[in-house]
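Data first, discussion second: the structure below is written as structure tokens.
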4 protein chains.
Amino acid sequence: MARPRNTESDALILAAAAEALLQDGYDGLVVDEIARSVGVAKTTVYRRWPTKNHLVVSVVAGWQGVVDVPNTGDEADDIANDLTTIAGGMCHVLDPAPIRRLVAELAAARMRDDDLGSAVDRLWSDRRAATAAVLERGIAGGALRRDLDPEVVTDELAGAVYYRVLITGGSLDDAYARALVRTVLAGAR
Amino acid sequence: MARPRNTESDALILAAAAEALLQDGYDGLVVDEIARSVGVAKTTVYRRWPTKNHLVVSVVAGWQGVVDVPNTGDEADDIANDLTTIAGGMCHVLDPAPIRRLVAELAAARMRDDDLGSAVDRLWSDRRAATAAVLERGIAGGALRRDLDPEVVTDELAGAVYYRVLITGGSLDDAYARALVRTVLAGAR
Amino acid sequence: MARPRNTESDALILAAAAEALLQDGYDGLVVDEIARSVGVAKTTVYRRWPTKNHLVVSVVAGWQGVVDVPNTGDEADDIANDLTTIAGGMCHVLDPAPIRRLVAELAAARMRDDDLGSAVDRLWSDRRAATAAVLERGIAGGALRRDLDPEVVTDELAGAVYYRVLITGGSLDDAYARALVRTVLAGAR
Amino acid sequence: MARPRNTESDALILAAAAEALLQDGYDGLVVDEIARSVGVAKTTVYRRWPTKNHLVVSVVAGWQGVVDVPNTGDEADDIANDLTTIAGGMCHVLDPAPIRRLVAELAAARMRDDDLGSAVDRLWSDRRAATAAVLERGIAGGALRRDLDPEVVTDELAGAVYYRVLITGGSLDDAYARALVRTVLAGAR
DNA sequence: AGCTAAGCGAGACGGTACGTCCAGTCTTTCG
DNA sequence: CGAAAGACTGGACGTACCGTCTCGCTTAGCT
């Protein structure tokens, strides 16, 4: 009965917001600017997303990538390989500076707002699930200790990577992924 | 030669800022209000910290406190205990929600501004150094593998904790610290 | 096409500013206070006048009001009367101390900023034009010398008044206006 | 017994203040800056002049120039010549833009503070006295009308010049001085 | 075909904080 | 005591965004 919303605008706004978020971080994303850059009125943005936070949630939700679970076999070496594949993928994806900045912004955004929080959580959950899947296969197949808590091992693996991304700024490459997986599997003792 | 800064003011400002930060979060901390509540001119605040961000970093730096390196002995069990002490301390400090929010803000701030970045880096370095010290003692005393890379193990330990703080939101307590250290030492295999 | 400015606010702001200006002088006029007293956001003031100075110019412009050209006839005496009317009006308007202060501020502001400068120029132009009009009528009607330069005579008349306002601080009243016009017309010789 | 004041500083401060006043106007003169540029502590400035205004007064007082009264004779033409000399001198001195700016600043300063006011008044009084002296000689010698009010004629002459300086921005040169004196003497009628 | 409800652009508005700038005073140490 | 250095109070300025609002125009789709 009424004039329908222009769905194209949605996409353009999201794209512009995504770029701004990547480039200038949460605070650098200015709703007014997004609207102007897309050639849309600020009202049009606010009609779709009642808040800047809501907009950011949408943007982040759109980044959801598909992570497939590597599976080269059930032997101990296969499990190690598969974990290295996952860790290497994380290193590869998270190493570039703009991505690091973004991850930091998202970590901060996660805290600001519950809606945003769960959107961000959903972002990371896939890769986390992949790791857990490999670990459980390893446990089931006997390649890993039966009493292992996959949760904790996942924290070690992913944690080390995110720690370098967010806290130390340390470099991330395949060599690091290999060393990390090796140490996690072998233990320190 | 000139009139010295009133060091008492520093402390009062930091205290007020800390309280505001914990109570109302980053955005809830208003420089003007801090100054007024302490009975100091806003300029006095800005003379010490050029930016609200810098002030917040100082506040958090004050929280970090002194981290002393635990040392209960060189046996394998002692090393494990000492690492658990460190990990437990981190869990204890970083668990409360307002602190998590702050750590996230700081991680983001670290990326935005080099000045701030190094201030934040200094924040974490102490605890990181403590962990490394214990690990090296373990290696030297034969309690840990000779070929171990302390860097990587530190990443695993601290990384897991920060990962829960920033990414998953998982809980952090002594039990977790113990489980984490156990797994790191024993390995997954 | 957009929401129109609330013209009532303009008037209220100008009124409040005028009052403050007269009561407390230029420095006593505080934009923030004006806004609050009118019940308007400070931004609303700054949207209309980019600077406190601009606001003051507007206020004064409003004081200038419409100057109509007196015209009692073409005889020599009529011209003299009309000139006296204009000069008397100027004396009347410019005599009060706060106004003198303002005129001085405006003269200074005129030099500092081109934008402001032309605004101030517009302020004075009306009365200047009125004087010139009467003079030209006098020349055309034969009451004044044919070879007279109206520009110079206007300078003499208005100049004397502003000179007293800005430089000597001399008093300004109807008697002075009459004496001035008489001398200008009769010459010194 | 006590350390004597460094009198050289006085001169340096005044010089710096004068330059700042000329270049950037009253508001552009910043006490802090003056002190720093001279290599003196702000306190040193404030010990000598309790207020920025007082400093400005001193500066202006220092500008006092000597104006001598031209006297080529008592004939009507001589009086005209002498007046033209004075008017031409004023035009010459006041025409340059920085001087115009300064005159405006002084007019404004005059209003701000009584002390400053009288200092500024003293600045102009010499030239004003010179004009009056010539006029009185003219009256006494019969070259000018006996019933002339020298005050008013001075206003006309000086006023026209200052009017162009401060209000219209009109040009000032010898030709203008001649035209002005001619019109003042001959009258408009 | 016309009515009508909603979309839309433009931009005004209230509100809140930020960081900056100066005047004038105060405090310390040195000569 | 004078001077240099610079901290301190106090107050205003102008800026930046957020989220809401008010216009007048445009555009479906129901009557």
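Remember, predicted model here, so these are calculated numbers, not experimental data. Excluded from the calculations below are hydrogen atoms, water molecules and symmetry mates; all remaining heavy atoms, backbone and side chain alike, are included. Here is the naming used below: chain letters follow the sequence lines, and residue numbers restart at 1 for every chain.
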If you assign each of C:T7 and B:T51 to its closest nucleotide in DNA chain E, which residue comes earlier from the 5' end? C:T7
Test B:L106 against B:Y26 for side-chain contact (heavy atoms from CB on, under 4.5 Å), laying out the working first. CA-CA 10 Å; B:L106 293 175; B:Y26 184 90; over 6 Å; no
Who pairs with C:W49 by side chain to side chain donor-acceptor pair (under 3.5 Å), at least two apart in sequence or on another chain? C:S58
Listed by chain and number, what are the salt bridge (Lys or Arg N to Asp or Glu O under 4.0 Å) partners of [X], not counting sequence neighbours?
X      : result
D:D24  : none
B:R101 : none
C:D113 : none
D:D27  : none

Send over the distance from [X] [atom1] to [N] [atom2], rounded to a whole Å.
X     : N      : atom1 : atom2 : result
D:L55 : E:dC22 : CG    : P     : 16 Å
C:I13 : E:dA12 : CD1   : C1'   : 12 Å
B:N53 : E:dA17 : CG    : C1'   : 14 Å
C:D10 : E:dC13 : CG    : C1'   : 13 Å
C:E8  : E:dA12 : CD    : C1'   : 15 Å
C:H54 : F:dG14 : NE2   : P     : 10 Å

Under the side chain to side chain contact (heavy atoms under 4.5 Å, CB included) rule, collect the residues that match up with [X], sequence neighbours excluded.
X     : value
B:Y46 : B:V31, B:K42
B:T43 : B:A41, B:R47
B:P50 : B:H54

Treating primed atoms plus P, OP1 and OP2 as sugar-phosphate and everything else as base, which nucleotides of nucleotides 20-26 of chain F get B, S or - for protein heavy atoms under 4.0 Å? BBBB--B
Candidate nucleotides F:dC8, F:dT9, F:dC18, ranked by approach to the side chain of B:A41 - the nearest: F:dT9
Ordered by number, residues from residues 100-110 of chain B within less than 4.0 Å of DNA chain E (heavy atoms) are none
Near-strand residues of residues 17-37 of chain A, defined as heavy-atom separation under 4.0 angstrom from DNA chain E: none
Has D:R47 got a side-chain N or O lying under 4.0 Å from the OP1 or OP2 atom of E:dG24? no
Determine the contact category for B:R5: base if any of its heavy atoms lies under 4.0 Å from a base atom, sugar-phosphate if only primed atoms, P, OP1 or OP2 are that close, otherwise nothing. sugar-phosphate
Base, sugar-phosphate, or nothing: which does A:S9 touch, judged by heavy atoms less than 4.0 Å apart? nothing
Full working for side-chain contact (heavy atoms from CB on, under 4.5 Å) between B:I99 and B:L22: CA-CA 8 Å; B:I99 301 289; B:L22 278 174; 4.3 Å; yes
Side-chain donor/acceptor pairs under 3.5 Å, residues 6-20 of chain C, sequence neighbours excluded:
{"from": "C:N6", "atom 1": "OD1", "to": "C:E8", "atom 2": "N", "distance (Å)": "2.9"}
{"from": "C:N6", "atom 1": "OD1", "to": "C:S9", "atom 2": "N", "distance (Å)": "3.4"}
{"from": "C:D10", "atom 1": "OD1", "to": "C:R48", "atom 2": "NE", "distance (Å)": "2.6"}
{"from": "C:D10", "atom 1": "OD1", "to": "C:R48", "atom 2": "NH2", "distance (Å)": "3.0"}
{"from": "C:D10", "atom 1": "OD2", "to": "C:R48", "atom 2": "NE", "distance (Å)": "3.4"}

